[in-house]
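In what follows, a single structure is set out as structure tokens and then discussed.
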Amino acid sequence: MTVDSKPIRLTQFSHGGGCGCKIAPGLLQEILARAPQGIVPPELLVGTETSDDAAVYRLNDSQALVATTDFFTPIVDDPYDFGRIAATNALSDIYAMGGTPIMALALVGMPIAQLSPEVIGRVLEGGAAVCRDAGIPIAGGHSIDVLEPIYGLVGLGLVHPQRVRRNADAQAGDVLVLGKPLGVGILSAALKKGILDAAGYADMLRYTTQLNRVGIALGALEGVHAMTDVTGFGLAGHLLEVCRGSGLSAQVNLAQVPVIEVAAKFAAEGVVTGASARNWAAYGADVAWAPGAPEWQRHLLTDPQTSGGLLVSCSPDALVSVLDAFQQAGFAAAAAIGGMQARVQGQGSQLVCR
């Protein structure tokens with residue numbers, strides 16, 4: 001096998017990197033609407049009904065299996081960093097259900113004629129390093145030869161059936177807390193344009209490789225009603241999923257939403273992702289945008305997050321405990337950003353931004 005000896009940039013193979021390569025929410029909804037209804041046994045506590053982060057299957061009175069899969073094309077050029085980001089992102093879905101990971105399987109697709117075994121091996125090393133940090137083995141997997149590099153995991157975890165935190169159980173009057181700042185997609189766009197400096201890249205890695213293991217502690221708190229993680233559909237898109245599943249609306253205070261400083265600067269200069277525009281086209285009609293708020297701020301709310309933060313809907317009485325759990329776990333940017341409220345009579349779920 002002959003492999004080109006010139007330096008390889010992994011992102012040169014990607015039409016869209018990280019969670020930005022997800023199918024647009026509107027198109028995905030149309031595709032899934034055509035899928036036949038499968039078997040739904042009583043043990044299946046969480047399935048496809050509310051677009052939740054993972055499936056949950058009751059094993060017995062004290063254990064339920066959490067199962068998820070996530071993979072994507074490169075968001076960075078360094079193969080080791082790509083593996084770390086993809087693995088962190090995949091395990092996040094287990095934490096978002098309040099679960100504890102127990103093992104993973106690797107999903108690997110690589111253009112074998114263009115990437116050397118050393119490069120591919122570094123991707124796998126990055127994923128394995130994150131799984132070691134999470135305290136779980138990669139116990140197997142599957143690989144294929146494809147045109148674009150892809151890497152990710154099947155993640156399996158356990159949770160007590162009474163501690164499952166779905167995205168559809170928010171309550172009116174709940175406070176919303178976001179665990180990580182927004183802007184990873186914008187940083188990835190800047191990276192592809194060659195305008196992201198070393199400090200910006202360090203910020204990008206810091207947030208995308210930070211495991212959301214705080215979800216285990218959050219799932220154990222009585223006042224936490226719903227959780228999800230913010231990924232490819234942006235904060236606005238995933239919050240609307242919470243609204244629709246819970247039969248509620250939400251209000252977000254834009255000034256309180258944590259953002260990566262350099263990402264906000266890039267957004268103001270017009271450096272955004274194509275996925276951000278696709279997201280807005282899919283659900284913008286359900287967002288009441290704040291009068292006078294700049295367009296760049298809207299791009300941050302629709303920015304596709306790769307390995308984004310947990311979004312928590314909790315009772316006001318639990319807010320201090322939730323913020324304390326985030327702080328103790330190293331999520332310094334975690335902040336209360338708004339709340340859940342009843343829908344206006346005769347209208348569907350809506351996100352109101354102020």
Using the salt bridge (Lys or Arg N to Asp or Glu O under 4.0 Å) criterion, which residues pair with [X]? Sequence neighbours excluded.
X	answer
Arg165	none
Arg206	Asp203
Asp133	Arg213

message = Can you list, by chain and residue number, the hydrophobic cluster partners of Val320 when the side-chain cut-off is 4.5 Å?
response =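 Val320 shares its hydrophobic cluster with no other residue.
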inquiry  = Test question: given the 4.5 Å side-chain rule for I, L, V, M, F, W and Y, name all other residues clustered with Val352, or answer none.
reply    =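 Taking Ile, Leu, Val, Met, Phe, Trp and Tyr as members, Val352 stands alone, with no cluster partners.
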Side chain to side chain contact (heavy atoms under 4.5 Å, CB included) with [X]: which residues, sequence neighbours excluded?
X	result
Ala277	none
Glu125	Tyr80, Arg122
Leu44	Val40, Pro41, Tyr57
Ser246	Ala170, Val242, Leu248

Residue pairs, two or more places apart or on separate chains, that pass ring-ring contact (aromatic ring centres under 6.0 Å, His included) and touch residues 291-336 = Phe326-Phe331
key: Within-4.5 Å side-chain heavy-atom neighbours: Pro111 and Pro149   = yes
ask   = Is the number of heavy atoms from other residues, nucleotides or ligands under 6.0 Å of Asp61 CG greater than 12?
value =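 Counting other residues, nucleotides and ligands, CG of Asp61 stays at 12 neighbours or fewer.
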message = Any side-chain to backbone donor/acceptor pair from Tyr283 onto Phe233? Under 3.5 Å, distance only.
response = yes
task = Could you name each residue pair satisfying side chain to side chain donor-acceptor pair (under 3.5 Å) that touches residues 286-295, not counting sequence neighbours?
result =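 Every pair satisfying side chain to side chain donor-acceptor pair (under 3.5 Å) with a residue in residues 286-295: Arg244-Asp286, Glu295-Arg298.
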ask   = Which residue pairs pass the salt bridge (Lys or Arg N to Asp or Glu O under 4.0 Å) test when at least one of the two sits in residues 78-93, sequence neighbours left out?
value =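 For residues 78-93, and leaving out neighbouring residues, the salt bridge (Lys or Arg N to Asp or Glu O under 4.0 Å) pairs sorted by first residue read Asp81-Arg84.
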